[in-house]
There are 2 protein chains.
Amino acid sequence: MAVHRLDLIERSETLTAQVAEKLREALIGGVFAPGDKITIRAVAKSLGVSLTPAREALSILAAEGALEFGANRTLMVPPLSIDRLAEITRIRIALEGLAAERAARLLDEREITRIVAANEALTRATKAEDFKGAILRNHEFYFGIYRGCRMPTLIKMIEGLWLRTGTYVNLIYPAFGLARKGIENHERAARALKARDAEGLRAAIEFDIRYSAEHLEAELRAKQPEALKLA
Amino acid sequence: MAVHRLDLIERSETLTAQVAEKLREALIGGVFAPGDKITIRAVAKSLGVSLTPAREALSILAAEGALEFGANRTLMVPPLSIDRLAEITRIRIALEGLAAERAARLLDEREITRIVAANEALTRATKAEDFKGAILRNHEFYFGIYRGCRMPTLIKMIEGLWLRTGTYVNLIYPAFGLARKGIENHERAARALKARDAEGLRAAIEFDIRYSAEHLEAELRAKQPEALKLA
DNA sequence: TAACGTTATGTGTTATAACACTTTATCGAA
DNA sequence: TTCGATAAAGTGTTATAACACATAACGTTA
């Protein structure tokens with residue numbers, strides 16, 4: 001048999017997967033407000049698909065925890081209570097600390113330089129008050145590190161957690177992004193990374209998670225004290 | 001208005017949710033073998049529902065990581081490679097350690113006595129070689145503890161992790177359950193729990209996770225050395 | 001005007017049909 | 001018998017229709 005090595009035909013993703021991805025983007029992009037009800041038909045119509053893939057995508061997002069069921073089986077963007085933020089923060093510290101520690105040991109030089117570059121781009125974007133860009137760079141920086149741990153299940157779980165706070169991060173980033181402390185935290189992480197200091201990187205990441213969570217919590221208390229009562 | 005206090009009508013769960021639950025039970029019950037292909041129509045027919053809820057339930061299970069996509073969008077019960085087991089074990093230690101530590105501080109006396117009772121029932125079932133019962137008691141014991149941490153998101157994540165190894169635990173339990181060491185581990189956890197020794201409980205749980213993972217790994221290497229190569 | 005019943009609209013749920021693609025079975029030719 | 005083409009069955013994907021239930025709008029009545 002003549003063995004010509006050909007690239008595989010790329011199979012376009014299913015509509016369900018595309019809808020789910022669009023919804024994730026909208027969620028971290030701040031398109032929805034916390035507490036917004038999301039209906040199947042609205043999603044289907046706005047993306048030009050039938051009910052079937054829209055509904056399936058929504059139930060996937062719900063399974064991932066990015067959406068939640070409200071009364072009467074309606075779906076909504078979950079509001080973030082103080083308690084829930086505290087819980088997510090604890091889990092993030094455990095999981096992202098683990099990922100960071102292992103990544104420090106496994107990342108190769110090329111990846112490290114790319115991550116450091118993402119961090120510099122983040123600093124520039126923040127100073128230029130380009131918040132959309134900063135959020136993207138921030139994601140690149142963190143997940144550039146996490147991908148280094150070579151634990152795909154772990155990475156997927158961390159992504160799920162980020163999705164839950166994504167809406168809020170978007171809401172408060174302007175105030176938070178300008179804080180000098182945030183940039184310092186990233187610098188510390190970048191230094192530990194370059195030195196391959198696993199414990200140091202873990203500490204820096206954990207500190208940054210805690211720091212930004214405190215910032216977000218303060219913002220929550222200020223802007224919507226009723227978050228204390230919400231589920 | 002005559003205010004007669006009536007119980008609320010119980011709304012039966014959707015077919016989708018019921019199918020998903022049945023599948024989870026089958027997965028931890030050892031009905032499927034790792035690598036088995038699962039088709040939408042087979043699930044639909046065997047449970048007497050149409051394609052729609054069957055398909056939706058399957059995609060939820062896939063989102064939870066309990067099922068995986070194989071070639072050509074087929075769904076299958078994910079085989080457990082040594083690497084993947086190692087990854088899951090690391091995550092479990094991080095997450096279940098966190099849950100146990102907080103639970104030791106928050107559980108009340110009534111819950112603790114119920115957990116200890118579940119452990120005693122587990123020991124009895126193991127000695128009587130009632131493996132089905134032992135697996136159930138084991139679940140009760142662990143999640144009795146974890147529920148005490150009052151972190152619903154965390155608990156759901158841990159449940160997802162258990163689902164991934166469920167099939168295998170079922171396969172190897174007879175050999176594992178009889179190990180005296182396993183019972184000792186549980187006893188140590190129960191003692192720490194009664195003493196409200198958070199650090200001790202975390203250590204006991206972490207040790208038991210590591211111990212049973214080693215046991216499972218040895219079994220994997222013995223029974224199916226090809227697991228090393230599988231994804 | 002306020003409370004209530006009625007109708008209309010919106011919404012989640014489920015079944016079914018149609019389509020494209022893959023896998024298996026079948027069968028004829030070398 | 002074996003290889004390869006063709007037919008058949010299987011399978012995932014998607015759209016649509018029908019149904020039950022919830023909510024909103026509307027008008028009627030006291």
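Numbers restart at 1 for each chain; the letters A, B, ... are given by sequence-line order, proteins then strands. Hydrogens, waters and symmetry mates play no part in the numbers below; they use all other heavy atoms, side chains included.
Listed by chain and residue number, A:Glu101, A:Ala198 satisfy the side-chain contact (heavy atoms from CB on, under 4.5 Å) test with A:Arg105 (two or more places apart in sequence, or in another chain). Every ring-ring contact (aromatic ring centres under 6.0 Å, His included) that B:Phe143 has, sequence neighbours left out, goes to B:His139, B:Tyr146, B:Trp162.
Bracketed by its first and final contacts, the part of DNA chain D lying under 4.0 Å from non-hydrogen atoms of chain B reaches from D:dT11 to D:dA22 in 5' to 3' order.
With rounding to the nearest 0.5 Å, the separation of CG in A:Leu80 from CD in A:Glu217 is 10.0 Å. Of the inter-residue distances, the one linking A:Asp108 atom CG with A:Arg114 atom CZ reads 8.5 Å to the nearest 0.5 angstrom.
Taking a 6.0 Å sphere around CZ of B:Arg137, one finds it holds 12 or fewer heavy atoms contributed by other residues, nucleotides or ligands.
Comparing B:Leu75 and A:Gly48 along DNA chain D, the residue whose closest nucleotide (by nearest heavy atom) sits nearer the 5' end is B:Leu75. Mapping A:Ala71 and A:Pro53 onto DNA chain D by nearest heavy atom places A:Pro53 at the nucleotide closer to the 5' end.
The nearest whole Å value for the distance from the CG atom in A:Leu15 to the P atom in C:dC19 is 17 Å. Taking atom CD1 of B:Ile40 as the reference point, atom C1' of C:dT22 lies 14 Å away to the nearest angstrom. Between the CG atom of A:Leu51 and the C1' atom of C:dG12 there is a distance of 9 Å, given to the nearest Å.
Considering only side-chain N and O atoms, A:Asn72 lies nowhere under 4.0 angstrom from the phosphate OP1 or OP2 of C:dG12.
Within 4.0 Å (heavy atoms only), A:Arg73 reaches sugar-phosphate atoms of the nucleic acid but no base atom. Within the 4.0 angstrom heavy-atom criterion, only backbone atoms of the sugar-phosphate kind lie near B:Thr16; the bases stay farther away. Residue A:Leu58 is out of contact with every strand shown, counting any heavy-atom pair closer than 4.0 Å. Here B:Thr52 lies in heavy-atom contact (under 4.0 Å) with a base.
Under the 3.5 Å distance criterion, the side-chain polar atoms of A:Asn170 are matched with a main-chain donor or acceptor of A:Ile28. Side-chain atoms of B:Asp36 come within 3.5 Å of backbone atoms of B:Ala33 as a donor-acceptor pair (strictly under, hydrogens ignored).
Taking only distance into account, the side chain of A:Arg55 never meets the base of C:dG12 through a donor-acceptor pair shorter than 3.5 Å.
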